Amino acid sequence: MVRLITHNLLACHVKGCTSNNFPLALKDVQIELQEAEFNPEFVTNILPRLEWSALADAARQVGDTSLPAEQPEMMDDDLLRNLHHVLLEIHIVEGAMVCPNCKHIYPISNGIPNMLLAEHEIG
Amino acid sequence: MIPTPDLSHLTEQDKLHVYDPAEDTFLFLDALEQDAEDLKGEKPLICLEIGSGSGCVSAFIGSILGSTNTLYLCTDINNRASDCTHRTGRHNKIPLDPITCDLARPLLKRLQRSVDIILFNPPYVPTESEEVLSAQLGRGISGSWAGGTNGMEVTNRFLETVEALLSERGKFYLVTLDGNDVPEIRERMFRAFRLQCQIVAQRRAGIENLHILQFSRVNR
C-alpha cells in the first residue's frame, strides 16, 4: 500500500527530469484506512526527514484536512495523532502519481506503486 | 532467538516467480540477529531493502526493531516480488512498504543522507553480461541471481549511490560471495566514499563462500 509517508519520499526519476519533480500529484486514487499503533516518538522523529507542505497537500488531495498548510512550531498531542493518521493509516490502493514537471504517470495497482521506467527514460 | 518470518502464505506460483529464501538469506538473517542489540540501540527511523523478493529479510529486521519504530521501505524490479513482500509484512504484522522500481532510483532525491539501515542481497552470481541485461529487463526470478561480470553488474550500480543515501550513523549490509572479489569492493568503497567495511558473517554453502559485509562511515 502506498502510505502518505512513502509518497512523501518518492520523486520522478525520468532522464533529465531533475527539478519540480516532487511531490508527485495524486490522480484518481482510491484509499483505504487501516488502523496502526500510535508511536508518538516515531512520528516526532521522522518529521525532519519529511516535507510538511507536500504532506499536508497530499492529505488534502485524499480528503483529509487535519494538517495546517505550514508546519506549526509547537507539536501537541492532537497534531501528532493527526500526523500519525495521515502518514501511516491512509493507504492508496489504486490510482496514479503524476510528475508535476514532465507529467510522467506512475501507476498504483493493488497497493503497489510501479516506478519502473522504459529503457529510453532511464537517466 | 528471533523466529524466521512465517512465509506459509506464499504460493507455488509465487515461488516460480520470486526468490525463495535459501542459504544466503539465512546467513543474512543470522548476521542481523547477531547485530540486533547494536541496531536497536541506534533507533533507526528508515530501513531500506533493495531487491526485497519475498520480504523475508525486512520482516525479520522488523521483528528486531519493532513494527512501529521504523519505516520499512522495500524495492524490487519484480512487481510480483513487491506483492509477496507486502503480504509477508501483513502476515508477520510488520508493515512493509513495497515500491516496484530499479534499485533506489525514485527515492534518491528525497532520501539523501537519510537512511539508517540499507539491506541488499543482490543478484551476485557471475554470468554473461547479456544475461544480466535480459534478466533485469525481464523483471522475473532470474533478476534475483544473474549478476553479470564477477556477479557485480547490478551491485556496482547500487554501490555508486549508497554513500549518498546513508545517514550519519547509517549501516549498509551487503551479501557477497568470493567470486565478487570482496577485497576489491572493500578497497573501492573506502577509497571512493570513505565507507569502512567489516565482514560480519561468513559461511560456505555448497560451492559458494558467502559473506555478509557491513559498511559505515569512517568519521562517526
Side-chain angles (χ1 to χ4, degrees), chain A residues 1-15 17-24 34-51 54-55 84 87-89 91-93 97 99 104 106-119 121-123, chain B residues 42-48 52 55 65-87 89-90 93-116 133-134 136-139 143 157 161 165 167 170:
Chain A
M1 303 285 165
V2 186
R3 300 194 285 179
L4 295 191
I5 192 169
T6 307
H7 170 263
N8 203 269
L9 300 173
L10 292 171
C12 182
H13 57 113
V14 167
K15 185 177 186 176
C17 185
T18 53
S19 60
N20 188 33
N21 55 346
F22 170 86
L24 302 172
Q34 284 176 29
E35 215 175 299
E37 195 187 322
F38 180 44
N39 180 340
E41 197 185 348
F42 173 77
V43 175
T44 306
N45 291 339
I46 198 79
L47 263 190
R49 303 200 195 180
L50 301 175
E51 197 171 288
L55 182 66
H84 164 75
L87 287 171
L88 304 171
E89 297 189 322
H91 296 245
I92 303 169
V93 189
M97 295 178 285
C99 174
H104 187 90
Y106 297 97
I108 299 169
S109 172
N110 196 23
I112 296 165
N114 188 334
M115 308 293 290
L116 291 168
L117 297 174
E119 213 173 342
E121 297 163 330
I122 298 169
Chain B
E42 296 277 358
K43 292 190 180 264
L45 290 170
I46 300 180
C47 177
L48 169 65
S52 59
L65 302 172
S67 63
T68 68
N69 298 323
T70 309
L71 173 68
Y72 303 98
L73 297 169
C74 301
T75 75
D76 205 293
I77 48 159
N78 176 350
N79 205 48
R80 188 151 194 155
S82 294
D83 184 55
C84 288
T85 291
H86 188 217
R87 281 153 50 215
R90 256 194 326 214
K93 303 201 163 47
I94 305 293
L96 303 181
D97 290 276
I99 301 158
T100 301
C101 65
D102 176 40
L103 304 172
R105 292 185 48 97
L107 296 162
L108 289 175
K109 179 187 178 96
R110 296 277 301 130
L111 287 181
Q112 295 284 312
R113 290 193 167 236
S114 292
V115 189
D116 303 307
L133 260 178
S134 64
Q136 291 291 307
L137 287 172
R139 291 158 186 167
R157 285 200 296 120
T161 64
L165 289 166
S167 68

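So you know, we letter chains A, B, ... as the sequences are listed, proteins then strands, and number each from 1. Please read all numbers here as calculations on a predicted model, not as lab measurements.
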Closest-packed option against chain A by number of heavy-atom pairs under 4.5 Å, given B:Leu108, B:Ile46, B:Leu96, B:Thr75
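Top count of heavy-atom pairs under 4.5 Å with chain A: B:Ile46.
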Could you check which of A:Leu50, A:Ile108, A:Leu117, A:Asn21 has the highest count of heavy-atom pairs closer than 4.5 Å to chain B?
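Option with the top pair count is A:Asn21.
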Out of A:Arg49, A:His91, A:Glu119, A:Met115, which one racks up the most heavy-atom pairs below 4.5 Å with chain B?
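Highest number of pairs under 4.5 Å: A:Arg49.
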Please determine whether side-chain hydrogen bond (donor to acceptor under 3.5 Å, both in side chains) holds for the pair B:Ser82 and B:Asp76, giving the CA-CA distance in whole Å, both sets of side-chain angles, and the decisive distance to 0.1 Å.
CA-CA 6 Å; B:Ser82 294; B:Asp76 205 293; 5.9 Å; no
Side chain / backbone / both / neither for [X] at chain A, heavy atoms under 4.5 Å:
X       : result
B:Leu73 : side chain
B:Leu71 : both
B:Thr70 : backbone

Under 4.0 Å between a Lys/Arg side-chain N and an Asp/Glu carboxylate O for B:Lys43 and A:Glu41?
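Yes, B:Lys43 and A:Glu41 are salt-bridged.
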Ion pair B:Asp102/B:Arg157, N-O distance below 4.0 Å
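Judged by the 4.0 Å cut-off on N to carboxylate O distance, B:Asp102 and B:Arg157 do form a salt bridge.
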Residues which pass side chain to side chain contact (heavy atoms under 4.5 Å, CB included) with B:Asp83, listed by chain and number, not counting sequence neighbours:
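B:Asp83 satisfies side chain to side chain contact (heavy atoms under 4.5 Å, CB included) with A:Asn110, A:Ile112, B:Arg87 once adjacent residues are dropped.
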Verdict with reasoning, A:Cys12 to A:Leu24, per side-chain contact (heavy atoms from CB on, under 4.5 Å):
CA-CA 7 Å; A:Cys12 182; A:Leu24 302 172; 4.0 Å; yes
For A:Ser109, is it the side chain, the backbone, both, or neither that has a heavy atom closer than 4.5 Å to a heavy atom of chain B?
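Contact with chain B is absent: no heavy atom of A:Ser109 under 4.5 Å.
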Could you tell me whether a side-chain N or O of B:Ser52 sits under 3.5 Å from a main-chain N or O of B:Gly55, the two making a donor and an acceptor?
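Absent.
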